[in-house]
Amino acid sequence: MTLSRFIQSRHLVRGTLVVLVLFAAVRIGFPFLIQTDTVGKEIERTLEAWTGADVEIGQEAAFSFWPYPRVTLGNVRMVDAADRSELAHVDAISASFDLFGAVRGKPVFSDFDLMRPTIRVGWDADGVFNWRHSGWLMQAIDATKSAPEGQAIPELPDERIGTINLLDGVIEVTQGDGTAPYRISDINGNIGWPALRRPLDLALSGVVNGEMTRWTFDSDHPLALLAGHNANVRTNLSADPTTMNFEGIANLSANAFIAGNMTLSTPSLGHLLAWQGKDIPSVGNLGHITAEAKVTTAGYTAKLEDLKLTLDNARATGVLDVNMPPDGLPQVGGTLAFDRIDLHAFLTAFSPLPGADQATTGIDTAFIHQFGMDLRLSAKSADFSPFSLQDLAAGMRIENGRASFDIGDSQFMDGRLTGRIALTEQGFRGGGRLQMSLSNVDIGAIVNTLALPGPLPAGRGSADFELSTDRPLWATTASDMSGHFRLAMGPGTLTHFNRQAFEERAAKNAFFNFSEASNGSFDFVRADVEARLDRGLAELTKAQIEGNEKLLTLSGMIPYRSGSVALAGTLADRQQAETPVVTPAISFFVGGSWPEPVISPISILTGQQPRQ
């Protein structure tokens, strides 16, 4: 009989019917051959062997055999054998098992479903973990730990585990200090571990601090990892506040470490810190952050090499060292090289700058006592609106509640700028100090950038100022600062000052508005200005502007808080050896509102006629 004729014959029909009948007989008959009590007790024993806890079953085992055999236990409790404290409670546990093993009284279980489990982990006041170091899995871990790393363990059984599915679970982490347990809820997902010698992968989701969080993890040698040996791992943690990826080598021994590539991203550093229970309002200035690095940990320290960091639109490369000792403050140090950085946003993330939020009555600045920092920064371009620095070299330090930002060198307005911003010992609430030195900069460009009105110098010069405030930084304005200021310039121009027009109007022995002599400029060969500032009041102790022919001097008070001025001045011939005869000096008083004060010749105030 040929194959085609056989297929068309009734033998095929009969063969098919026989197979179906045998299959049905097996499916129908096996349940009657299985000792259900034995299977129920065996799964209880298996759970105890795995976990090392005593298992209490609240409801009798229920069985189903289609589409594959499963056993379900209801109201399952796992308790500590010593003090009978509850370690876990599961509304229902179901698992698949093999029929042939069940018939022989030795079923093998796999592919567990845990419905609404509540798992409690924690440490007592002495630091003892509540889950006992016993059970089948712990024995396998101990056997692996005692073997040389990388060497297989022949006596280790290749027990089947399969997949563990979690549905609507809860993890509670308790501490021995009596505080409320830390709770992760709505846990769903699966843990896939076919057998001890096989790779492990998990994909779980849950609510962590109010945010839905997803975690994936896989390892080629999970048992080696649990035994404290090196193992390759890959993990991803994602939530609205952050996304983190790591791929590399991990070790969970007493000398635990990780080494590999890590990426981290957050749309808002403030949101991320708030998720971790920290509220630092000023860090809201730092928005989107991404970081890529080769990370290596040792003990409580981590080193981030080949770091690529993005802060909003600023990009940096460098190296960071992070130290988080258990009995000390976290420390961050290293070097960051930016292409471009917004200094104002960067600084206000760590120290509220003067005038940052005058409407705020207080800002919680306790965080500067909670960590230390020693960063060296460089940037091709650094913006501090409305100005820009080039080739910046700076350092930022936070130590014992003190914070400082030092500019070691930078290019500014075609010159150089160095300076320092530092807090007083009382911290942000006690104010701070600002020191700045400008060398050979374009003073006129600064005046134009700030759009300052009135007669002001233009040209190249150097300036030094040191200012301080005892008010909280966030409530400080320019009118709250005290200190001193010095400006020294070479050849330049005093804008909005017409010397000839000024002399003509002063000779008339009458009051006049300064705007009447502002249509012009006064060239000078040097200028020196010194002033003391005291909370909105500037005392001009020295102001000499020396032209080719005339010398203009000023002294007095400038209450810049109110925008007014009260100065005494003279405009006199510059003493020259070849010119023995000089014109009498013009003395005057400047009073009123800046930038259009009133000029009063001294002769009017004293009642004397000016000398001709």
Side-chain angles (χ1 to χ4, degrees), residues 384 386-393 406-422 433-468 478 481-499 502 520-534 537-560 565-577 585 588 590 594-595:
F384 198 96
F387 298 107
S388 179
L389 308 177
Q390 285 71 45
D391 298 330
L392 171 72
D406 294 272
I407 300 177
D409 192 19
S410 67
Q411 292 184 12
F412 175 68
M413 293 295 180
D414 297 328
R416 314 296 298 181
L417 181 149
T418 61
R420 189 170 199 250
I421 301 173
R433 182 178 299 273
L434 172 64
Q435 296 172 295
M436 204 69 67
S437 294
L438 311 178
S439 177
N440 196 32
V441 300
D442 188 343
I443 301 297
I446 297 177
V447 171
N448 292 335
T449 301
L450 295 175
L452 298 177
L456 292 169
R460 307 194 70 80
S462 299
D464 296 282
F465 55 89
E466 182 174 335
L467 304 174
S468 63
M481 294 184 175
S482 301
H484 63 266
F485 168 79
R486 182 179 184 276
L487 171 66
M489 297 181 63
T493 301
L494 183 64
T495 61
H496 302 291
F497 180 69
N498 189 321
R499 180 178 65 85
F502 185 89
S521 60
F522 176 52
D523 294 333
F524 58 81
V525 294
R526 71 172 183 86
D528 289 296
V529 179
E530 295 181 8
R532 288 195 295 265
L533 284 74
D534 185 12
L537 180 65
E539 180 186 359
L540 204 60
T541 58
K542 177 182 180 181
Q544 293 183 346
I545 303 175
E546 184 176 349
N548 291 318
E549 301 176 354
K550 296 288 184 175
L551 175 64
L552 176 64
T553 61
L554 296 167
S555 63
M557 310 300 290
I558 304 176
Y560 58 87
V565 61
L567 299 173
T570 60
L571 182 61
D573 285 349
R574 179 184 175 191
Q575 293 288 341
Q576 297 184 12
F588 56 91
V590 184
W594 190 265

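What you are looking at is a predicted structure, and each value in this text was computed from that prediction instead of being measured.
Salt-bridge annotation for D534 and R532: absent, with no side-chain N of the basic residue lying under 4.0 Å from a carboxylate O of the acidic one. Under a 4.0 Å N-O distance rule, the pair E549/R574 does not qualify as a salt bridge.
Separation of atoms CG (D528) and CD (E546) is listed at 9.0 Å; rounding is to 0.5 Å. A distance of 9.5 Å separates CE of M489 from CZ of R460, quoted to the nearest 0.5 Å. For the atom pair OG1 (T418) and CG (D409), the distance works out to 8.0 Å, reported to the nearest 0.5 Å. Atom CD1 of I558 is separated from atom CG of L537 by 9.0 Å, given to the nearest 0.5 angstrom. Note that OG1 of T449 is 3.5 Å distant from CE of M413, once rounded to the nearest 0.5 Å. Here the CG atom belonging to L417 is positioned 13.0 Å from the CG atom belonging to N440, to the nearest 0.5 angstrom.
Looking at L487 and P457, their side chains come closer than 4.5 Å, going by heavy atoms from C-beta outward. Proximity of D573 to K550: side-chain heavy atoms (C-beta onward) are separated by under 4.5 Å at one or more points. Taking the side chain as every heavy atom from C-beta outward, E466 and R433 approach each other to under 4.5 Å. Looking only at side-chain heavy atoms (C-beta outward), F588 and L554 come within less than 4.5 Å of each other. A heavy-atom distance below 4.5 Å is not found between the side chains of R486 and K542.
Between the side chain of T493 and the backbone N or O of A458 there is no donor-acceptor pair closer than 3.5 Å. In this structure a side-chain-to-backbone donor-acceptor pair under 3.5 Å is present from D442 to G444.
Annotation for S439 and S462: closest pair CA-OG, 3.6 Å, computed over non-hydrogen atoms. Heavy atoms only, all atoms of each residue included: L467 and G483 are closest at CD2-CA, 4.2 Å. For the residue pair T495 and G454, the shortest heavy atom distance occurs at OG1-O, 4.1 Å.
For F387, the ring-ring contact (aromatic ring centres under 6.0 Å, His included) partners are F412, not counting sequence neighbours. Among residues two or more places apart in sequence or in another chain, the ring-ring contact (aromatic ring centres under 6.0 Å, His included) test is passed with F497 by F502, F522.
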For a side-chain contact (heavy atoms from CB on, under 4.5 Å) check, start with the C-alpha distance between L533 and F485, then their side-chain angles and the critical distance, and finish with the verdict.
CA-CA 8 Å; L533 284 74; F485 168 79; 4.2 Å; yes
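For the residue pair Q390 / S388, a side-chain donor-acceptor distance below 3.5 Å is found, with atom types taken as modelled.
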